[in-house]
Amino acid sequence: MSAKAGPEPVEHPALHKLLSAVFYAGSSFLITVVNKTVLTSFRFPSYMCVGIGQVSCPLRVFFFSPLFVRQTLSSSSLWSFQMITTLLVLYAAKTSKAIQFQDFDRSILLKIFPLPLLYVGNHITGLASTKKLSLPMFTVLRKFTILMTMILEVYILKKTFPKRLVYSVVTIVLGAMVAASSDLAFDVEGYTFILLNDAFTAASSVYTKKKLGIEGLGKYGVLFYNALLIIIPTLLASAITGDLHKAVTFEDWVKATFIFCFFMSCFMGFVLMYSIVLCSYYNSALTTTVVGAIKNVAVAYIGIFVGGDYLFSWTNFLGLSICMSGGLAYSYLTFHTKPSRSNTEEVQELKIHITEDSTGSTK
């Protein structure tokens, strides 16, 4: 029989949806600039979540320089400090009663599961795939996260998508494939890691959306307890690899400009994570993923003129343009089209039916 969808989700005002998406895109761009200053200009030796495309991993950002990506793969301490900042800000706000979320008890672990595991898996596979693959192939294969997010929303959140949205998503992926078509190199291990990374990223996005509806957690609870459970293994990994020692003994701690940029990076880490959760709260997990992809393409456009390390080719530029057109089409359809509940039957949708037998197993 057909799987029954859950309760009808709350329809948020269109302005809230748009502003939360803009806030996420802006925060992601700003942390790119701040982190690049800390890690490139000051050569700070520690960062964890570096990669191409920030879809679900809170601090995964797209930097201007491919060389910069390669130089910072093994670091972790900056992300640890950003997690600590998130915990301190949210705890202080909860203590002053500015925000509310459930106090810690045994039920929290069950409520937040499996988000921490997904984030750790996302980090590990992301770093492994970035080391194995060229930057163009990493970029194109990361775009499959969008398709995976759409599929998981159908199966886990029981959503349906209009055909026009599906076509715009396919356009984004097609553009990424065109952009990377001049650099085709097959690496079985690298492809395995990147596809696993896509799966972890998509699952993180969808489960974040699902957890936001759990009583007692909400936006702030999801942020706080996910960071709380991640911070311990992150610090341990940083200490074991010697990354934490490099950060503590960094020579520029005496420079006021570095300290300012460092703390701005930590604060922006919190802002970015909050903007992701906020965008997921008001929009779908797929919309949050697509907004991240659009931002990445925009940064790539900027990289053509700023940074000096972009190797221009018409094939790559054409692919970026196709990506951007698909992203803009998705944005227009999402934020300007108001679905009518009364005539849902008349709207063409891509519906995926899940059939189950009497034992509950899928066919």
Side-chain angles (χ1 to χ4, degrees), residues 17-18 21 24-25 28 51-56 60 62 129 133 135-184 186 191 194-206 209 279-280 283-301 313-339 344 346-354:
K17 292 182 178 182
L18 177 61
Y24 167 41
S28 184
I52 298 91
Q54 43 47 262
V55 274
S56 74
R60 174 157 297 189
F62 183 52
S129 57
L133 297 175
L135 193 68
M137 287 312 300
F138 189 104
T139 302
V140 62
L141 292 175
R142 281 293 293 170
K143 291 297 184 291
F144 282 96
T145 301
I146 302 174
L147 286 177
M148 291 184 180
T149 302
M150 177 179 286
I151 294 170
L152 287 179
E153 281 204 279
V154 171
Y155 279 90
I156 296 176
L157 302 182
K158 312 302 181 188
K159 293 196 62 174
T160 57
F161 295 95
K163 286 185 177 180
R164 292 173 298 178
L165 283 185
V166 177
Y167 295 152
S168 64
V169 167
V170 172
T171 302
I172 295 173
V173 177
L174 176 63
M177 295 177 68
V178 171
S181 61
S182 59
D183 184 20
L184 298 176
F186 186 77
Y191 277 42
I194 190 62
L195 291 177
L196 285 174
N197 186 233
D198 290 344
F200 277 119
T201 298
S204 296
S205 297
V206 173
K209 177 68 176 180
C279 187
S280 298
N283 298 282
S284 66
L286 178 63
T287 297
T288 303
T289 304
V290 172
V291 169
I294 295 173
K295 190 277 302 182
N296 291 340
V297 176
V299 171
Y301 274 128
S313 73
W314 283 110
T315 302
N316 184 268
F317 182 77
L318 175 62
L320 291 177
S321 300
I322 294 174
C323 268
M324 181 59 78
S325 63
L328 293 177
Y330 180 95
S331 300
Y332 178 81
L333 294 172
T334 299
F335 299 119
H336 292 273
T337 303
K338 295 182 180 180
T344 304
E346 301 177 7
V347 179
Q348 286 187 317
E349 292 181 331
L350 178 66
K351 296 187 177 181
I352 301 177
H353 297 285
I354 307 172

Quick one: [atom1] on [X] to [atom2] on [Y], what's the gap to the nearest 0.5 Å?
| X | Y | atom1 | atom2 | result |
| --- | --- | --- | --- | --- |
| Lys159 | Ser284 | NZ | OG | 4.0 Å |
| Leu286 | Leu147 | CG | CG | 9.0 Å |
| Ile146 | Cys323 | CD1 | SG | 7.5 Å |
| Met324 | Ile172 | CE | CD1 | 9.5 Å |
| Leu165 | Tyr332 | CG | OH | 12.5 Å |
| Thr334 | Arg164 | OG1 | CZ | 10.0 Å |

Any non-hydrogen side-chain atom of [X] less than 4.5 Å from a side-chain atom of [Y]?
| X | Y | result |
| --- | --- | --- |
| Thr201 | Met148 | no |
| Ser205 | Thr288 | no |
| Leu333 | Pro162 | no |

Using every non-hydrogen atom in the two residues, find where Phe144 and Met177 come nearest and quote the distance to one decimal.
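So the minimum-distance heavy-atom pair works out to CZ-SD, 4.5 Å.
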Shortest non-hydrogen contact from Cys279 toward Ala21:
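So the two residues come closest at SG-CA, 3.8 Å.
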Any side-chain to backbone donor/acceptor pair from [X] onto [Y]? Under 3.5 Å, distance only.
| X | Y | result |
| --- | --- | --- |
| Thr287 | Asn283 | no |
| Ser28 | Ala25 | no |
| Ser321 | Phe317 | yes |

Side chain to side chain contact (heavy atoms under 4.5 Å, CB included) between Val154 and Phe161, worked out:
CA-CA 8 Å; Val154 171; Phe161 295 95; 3.8 Å; yes
